[in-house]
Amino acid sequence: MTETRITPALRMAEIQPELERLRRRGFLRRALSLGGLTLLTGCDLSTHSGIDAALEAILRFDDRIQKALFSPHRMAETYPASAITKPFRFNAYYAEWQVRPVPDNWALSVSGLVRDKREWPLAALMALPQQSQITRHICIEGWSQIGQWSGVPLGVFLRRVGADLSARYVSFKCFDGYSTSIDMASALQSQTLLALDFETGPLTPQWGAPLRLRIPTKLGFKSAKNLEAIEVTNTYPGGYWENQGYDWFAGV
Ligand SMILES: Nc1nc2c(c(=O)[nH]1)N[C@H]1C(S)=C(S)[C@@H](COP(=O)(O)O)O[C@H]1N2
Ligand SMILES: [Mo]
């Protein structure tokens, strides 16, 4: 079992000064006291109660505060290959969910505030610069595991299609009916990937083939699998879980 003291999304020591600043400005009146937060600095994710504590802490921040705390320069923790969880579990949005084969002639569609709206076949995505990461995936249900994903940094892709980087949202639609959306600052964080590979080979359908979002600074439900469409927009797009009350920002 892997020993991890602090969640990637929850480096309390790092965000403490920012919290203090926000509190001085009267921002944090509704949030947890700093004493309460300090209690969580030692979240041990190798135990269930540690994971619960970390999740609880994330969910106690409301979206506005999470967004204020977000720093594009704060990196999610990375791990050695020996820490990868095996077997890696998969998760879907409803119990009877079926593994979806990749549709014939799959291509990623791009719409909204972008200059170039051409579709992206897999081969074109594979030809873009790639990056690999070993990071922790934290599901809101209370489990976490470490995996390895490789693919195109979303920021590289957004610049390539001439996206309006001052737009507020990037939204994701999946061919299993799932959807989610993120803010532009999170989209441009360098660890946010359009992942093509899981471990050492192409994604399989269960784990999101042929393309998924992998965003280690947020909870697992933001890492949309089986992507088919990306839209850049200023209109709040919501998402499958977000529309049912989950925190939209879902990380710091
Ligand atoms: N398309 C799609 N993406 C999705 C989901 C889903 O049901 N459909 N579930 C989300 C949730 S809640 C989690 S925890 C992760 C699970 O990713 P994994 O199957 O690679 O472990 O995918 C997220 N992305
Ligand atoms: Mo999840």
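Whatever order the structure lists ligands and atoms in, that order sets their numbers, starting from 1. Throughout, numbering of the chain's residues begins at 1 and tracks the sequence.
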Just distance, no hydrogens or angles: give the donor-acceptor pairs under 3.5 Å from side chains in residues 107-117, sequence neighbours left out.
residue : atom : partner : partner atom : Å
Asp116  : OD1  : Arg118  : N            : 3.0
Asp116  : OD1  : Arg118  : NE           : 3.1
Asp116  : OD2  : Arg118  : NE           : 3.3
Asp116  : OD2  : Arg118  : NH2          : 2.6
Lys117  : NZ   : Gly112  : O            : 3.3

Problem set entry | For Trp120, ring pair (Phe, Tyr, Trp, His ring centres under 6.0 Å) partners two or more places apart | Phe157
Name each N or O atom in ligand 1 that is under 3.5 Å from a protein N or O, and give the partner atom and the distance.
residue  : atom   : partner : partner atom : Å
ligand 1 : 1 (N)  : Asp176  : OD1          : 3.0
ligand 1 : 1 (N)  : Asp176  : OD2          : 3.1
ligand 1 : 1 (N)  : Lys225  : O            : 2.9
ligand 1 : 3 (N)  : Lys225  : N            : 2.8
ligand 1 : 7 (O)  : Tyr93   : N            : 2.6
ligand 1 : 8 (N)  : Asp176  : OD2          : 2.8
ligand 1 : 17 (O) : Arg212  : NH2          : 3.3
ligand 1 : 19 (O) : Asn91   : N            : 2.9
ligand 1 : 19 (O) : Lys225  : NZ           : 2.5
ligand 1 : 20 (O) : Arg212  : NH1          : 2.7
ligand 1 : 21 (O) : Arg89   : O            : 2.9
ligand 1 : 24 (N) : Ser223  : O            : 2.9

Exercise. Rounded to the nearest 0.5 Å, what separation is found between the CZ atom of Arg214 and the CG atom of Asp197?
Worked result: 14.5 Å
For this session: Could you list the residues that satisfy ring pair (Phe, Tyr, Trp, His ring centres under 6.0 Å) with Tyr246, not counting sequence neighbours?
Result: Phe221, Trp241
For this session: Would you kindly say whether Ser132 and Ser150 are connected by a side-chain donor-acceptor distance under 3.5 Å?
Result: yes
For this session: Scan side-chain atoms only and decide if Ser181 and Trp248 contain a donor-acceptor pair under the 3.5 Å cut-off.
Result: yes
